[in-house]
Amino acid sequence: MQGLMQAAGAFDAVVIGAGAAGLFCAGLAGQRGLKVLLLDHAERIAEKIRISGGGRANFTNRDLDVRAPHRHFIGDNPHFCRSALARYTPQQFIALVERHGIAYHEKHKGQLFCDGSSQQIIDMLLAECAAGGVTHWQPCGVDEVGFAPGEGYRLRTRRGEVRTPRVVVATGGLSIPQIGASDFGYRIATQFGLRVVTPRPALVPLTFGGEAWAPYADLAGLALPVEIATGSKKERIAFLEDLLFTHRGLSGPAVLQISSYWQPGAPLTIDFAPGVDVTAALAEAKQRSRKRIANELAGLVPARLADAWVGEDAALQRPINEAADRALAALAERIARWQITPSGTEGYKKAEATAGGVDTRDLSSQTLESKQQPGLYFIGEVVDVTGWLGGYNFQWAWASAHACAQALAAKPGSDAIMPG
């Protein structure tokens, strides 16, 4: 980090937030010839990258379809992200990773992870910042951001006052407060007249309260592939992923994915044997088998789950050839279309992302600049763009940072540094 000698100086751009989007934007802008200051209030840099992907950083998803970004992203206007994502693709970021000699692998459905530690991605971004001559102050909080027409922005920081014509807010959302998440970006947006879509936890485990969950609490630790859905008709969304039972509810990739679409009070529909005609399978077993229903059912779903289903109904605690057709049909329906309504979520503490944020109606999709406040940009998670699980949110960070850096570099050089 560079010293305090420039604390009262001027910069072409100041990037607030040294996470994925902020680091990448600062490095790119610096390499395009701008004098950039990057600052962050947290003690440790890029903690969200460090802990992501089980410590291996799921840094992008090669399956992202930039022609239809709404397939992978939510927000009040999912199409907003199309421009940035089309101009900086997963393949371009992969090329950067390869240029830095970072080995990686595909784990599942296009999800790319480092073979080694996620620290490699952080080190890569820091190297890109160094290549751009970026000044980096951390920890360094920002106490105030002021603006005067003709004078630009004055930032009162813990290391002194800074002047700049352009401020980039890359402060993320509210998820994982224990590593420094804050509402700073939303407060700056509101201060300068931008609207904010109410934030909420996304990619988060779901909870089920009271006696309704008691029969399933003992299944904690059980994981299995399911199809999980919420919504109806045109609003229906479904994912085929692994589900995990917990003491308080449901988690795993299937639940994290659906949580971004789930609305409080709405039920989930879960198929515990996707691709299997459970009704036909049980009917066939009744004709050929004398095993207990739980034993036959264990051929379709994990034995612990089969025991839990059967244990709740005395009519099912018998050999399958003695079971009533009606009881077997009800059991099949329950396995293939179990409906249960969550009582809530595990909140920001366990959420991997924040839905909502700075309203995209107030931002340019080309540059990420505020439409009403010149020189003020918002990138990454602070914006109302939230991706699916599996590297999509990191790709939005890279793409929005790239779009912003291009816009910063395109500004006329004469307004780059204001006179002191």
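The first residue in the sequence is number 1, and the count goes up from there.
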Could you go through Tyr392 and Trp396, starting from their C-alpha distance and side-chain angles, then the distance that decides it, and tell me whether this counts as ring pair (Phe, Tyr, Trp, His ring centres under 6.0 Å)? CA-CA 6 Å; Tyr392 293 102; Trp396 167 244; over 10 Å; no
Between Tyr88 and Phe24, does a ring pair (Phe, Tyr, Trp, His ring centres under 6.0 Å) hold up when you go through it step by step? CA-CA 12 Å; Tyr88 193 82; Phe24 197 46; 5.5 Å; yes
Would [X] and [Y] count as having a side-chain donor-acceptor pair, cut-off 3.5 Å?
X: Tyr153; Y: Gln373; answer: yes
X: Glu128; Y: His100; answer: yes
X: Thr246; Y: Glu346; answer: no
X: Tyr104; Y: Glu98; answer: yes

Write down the atom of [X], the atom of [Y], and the distance for their closest heavy-atom approach.
X: Leu363; Y: Lys371; value: O-CE, 3.2 Å
X: Phe208; Y: Trp213; value: O-CB, 3.3 Å
X: Tyr348; Y: Pro201; value: CE2-N, 3.5 Å
X: Ala351; Y: Ile176; value: O-CG1, 3.3 Å
X: Gly17; Y: Leu38; value: O-CD1, 3.5 Å
X: Cys25; Y: Ala405; value: O-CB, 3.9 Å

Which of these passes side chain to side chain contact (heavy atoms under 4.5 Å, CB included) with Thr60: Val97, Thr89, Leu112? Leu112
Check the orientation of His70 and His79. Use parallel for under 30°, tilted for 30 to 60°, and perpendicular for over 60°. tilted
Measure the spacing between CZ of Arg56 and CD1 of Ile121 and express it to the nearest 0.5 Å. 12.5 Å
Ignoring hydrogens and angles, tell me if any N or O in the side chain of Asn393 forms a donor-acceptor pair with the backbone of Gly387 under 3.5 Å. yes
Residues Arg361, Asp76; criterion salt bridge (charged side-chain N to carboxylate O under 4.0 Å, His left out); working and verdict: CA-CA 9 Å; Arg361 291 176 296 176; Asp76 277 7; 5.4 Å; no
Can you tell whether the side chains of Arg166 and Asp12 come within less than 4.0 Å, N to carboxylate O? no
Do Lys109 and Glu241 come close enough that some side-chain heavy atom pair is under 4.5 Å? yes
